[in-house]
Amino acid sequence: MADMTKFADLIRQFIELFDRMIPLEQEKLNVVKQNQVSALEDIIKREQAEIMALRGLDQKRERLQKDLGFAELTFQEILERVSGEEHGELQQLFDELSGRVKEFRSVTESSKTMMEVNLHAINKMVAQKTYGSANVRTYEGDGSVRPDAPHFTDRRI
């Protein structure tokens, strides 16, 4: 069936897209580990282009599934409705795509975690620089911060 050939080609396009996105995400993880903010900005710009391509492919998939009478079906449900050679080819492609998606999610989760850790460290450093170790700011007459001064609410009346 020619339509299933189009569907198989579309799945191959998804696989190719994830083959581009996985190394990009791994590169992002590496620059986050090394605190290279300018390199991270460049990767995010490239990543945004791939995300737009992903959205385009997903819209194409939705239209094709609708045309095939598979609207709202998962890949597994589509597999159950095809037979013979098409089934074998689609099963292989679905398995390959599923592996890529799992790998992408794993790397994405790692970079997300690393960014959260870095952000926490940055916030902690800013808080220490801003508020000192006691998280209290008391000012001198010249406007400088007096370290470790008791807060006025700590006094007894």
Side-chain angles (χ1 to χ4, degrees), residues 1-137 143 145 151:
M1 174 187 279
D3 291 329
M4 291 314 290
T5 301
K6 288 181 183 178
F7 193 68
D9 288 342
L10 182 63
I11 295 168
R12 285 185 192 93
Q13 290 174 29
F14 272 106
I15 292 168
E16 291 169 5
L17 177 69
F18 278 101
D19 283 344
R20 293 190 310 266
M21 290 180 74
I22 290 168
L24 193 58
E25 198 66 24
Q26 289 170 332
E27 185 180 352
K28 183 166 76 172
L29 176 60
N30 290 335
V31 300
V32 168
K33 283 180 182 177
Q34 299 168 3
N35 293 321
Q36 298 175 339
V37 177
S38 61
L40 180 62
E41 290 173 4
D42 177 58
I43 292 169
I44 289 173
K45 287 177 188 174
R46 291 184 289 158
E47 189 177 50
Q48 287 172 340
E50 297 296 355
I51 289 170
M52 293 302 291
L54 179 62
R55 286 183 183 149
L57 280 178
D58 200 44
Q59 290 172 350
K60 188 175 177 182
R61 176 198 55 80
E62 287 175 352
R63 285 191 302 272
L64 187 55
Q65 278 188 227
K66 184 178 178 183
D67 293 345
L68 292 169
F70 297 145
E72 306 297 324
L73 295 182
T74 65
F75 284 162
Q76 195 61 44
E77 292 169 332
I78 293 170
L79 265 179
E80 293 170 1
R81 296 184 183 200
V82 295
S83 59
E85 190 176 308
E86 291 173 338
H87 180 83
E89 180 184 12
L90 288 177
Q91 179 70 58
Q92 179 204 2
L93 289 171
F94 289 156
D95 290 346
E96 195 172 338
L97 179 58
S98 178
R100 297 298 198 292
V101 169
K102 285 178 186 175
E103 183 179 357
F104 179 76
R105 284 183 179 161
S106 174
V107 176
T108 299
E109 190 61 35
S110 294
S111 42
K112 177 183 172 192
T113 300
M114 183 62 65
M115 284 189 272
E116 287 172 350
V117 166
N118 286 352
L119 184 58
H120 177 72
I122 290 168
N123 285 337
K124 187 175 178 180
M125 204 167 46
V126 167
Q128 287 175 344
K129 294 255 186 219
T130 304
Y131 303 114
S133 60
N135 291 334
V136 175
R137 292 189 296 182
V145 177
H151 194 274

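What you see below is based on every heavy atom in this structure, not just the backbone, and it leaves out hydrogens, waters and symmetry mates.
The aromatic rings of Phe94 and Phe7 stand perpendicular to each other, their planes meeting at an angle above 60°, with 30° marking the opposite boundary.
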* To do: Just do the side chain to side chain contact (heavy atoms under 4.5 Å, CB included) check on Glu77 and Glu72 with the steps written out, would you?
  => CA-CA 10 Å; Glu77 292 169 332; Glu72 306 297 324; over 6 Å; no

* Ile15/Ile11 under side chain to side chain contact (heavy atoms under 4.5 Å, CB included): CA gap, chis, key distance, verdict -> CA-CA 6 Å; Ile15 292 168; Ile11 295 168; 4.2 Å; yes

* From CA spacing to verdict: side chain to side chain contact (heavy atoms under 4.5 Å, CB included), Lys28, Leu24 -> CA-CA 6 Å; Lys28 183 166 76 172; Leu24 193 58; over 6 Å; no

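A donor-acceptor contact shorter than 3.5 Å is absent between the side chain of Ser106 and the backbone of Lys102. Checked by atom type and distance alone, the side chain of Asn118 never pairs as donor or acceptor with a backbone atom of Asn35 at under 3.5 Å. A donor-acceptor contact shorter than 3.5 Å links the side chain of His87 to the backbone of Leu79.
Residues passing the side chain to side chain donor-acceptor pair (under 3.5 Å) test with Gln92, sequence neighbours excluded: none. For Glu89, the side chain to side chain donor-acceptor pair (under 3.5 Å) test picks out Arg12, with sequence neighbours left out.
Gln34 CD to Met114 CE: the interatomic distance, rounded to the nearest 0.5 Å, is 10.5 Å. Rounding to the nearest 0.5 angstrom, the gap separating the CD atom in Gln36 from the CD atom in Glu27 is 9.5 Å. Separating the CZ atom in Phe18 from the CD atom in Glu25 is a distance of 10.5 Å, to the nearest 0.5 Å. Going from atom CD of Gln76 over to atom OG of Ser98 covers 9.5 Å, rounded to the nearest 0.5 Å. Rounding to the nearest 0.5 Å gives a distance of 12.0 Å between CG of Leu97 and CD of Gln13. Note that CG of Leu57 is 6.0 Å distant from CG of Leu17, once rounded to the nearest 0.5 Å.
Screening residues 53-66 for side chain to side chain donor-acceptor pair (under 3.5 Å), with sequence neighbours left out, gives Asp58-Arg61, Arg61-Gln65.
Looking at Arg100 and Glu103, no side-chain N of the basic residue comes within less than 4.0 Å of a carboxylate O on the acidic one, giving no salt bridge.
With 3.5 Å as the limit, one finds no donor-acceptor pair spanning the side chains of Gln26 and Asn30.
Taking a 6.0 Å sphere around CD of Glu85, one finds it holds 12 or fewer heavy atoms contributed by other residues, nucleotides or ligands.
Taking each heavy atom of Ile78 and Met4 in turn, the nearest pair found is CG2-CE, 4.3 Å.
Proximity of Arg81 to Leu73: side-chain heavy atoms (C-beta onward) are separated by under 4.5 Å at one or more points.
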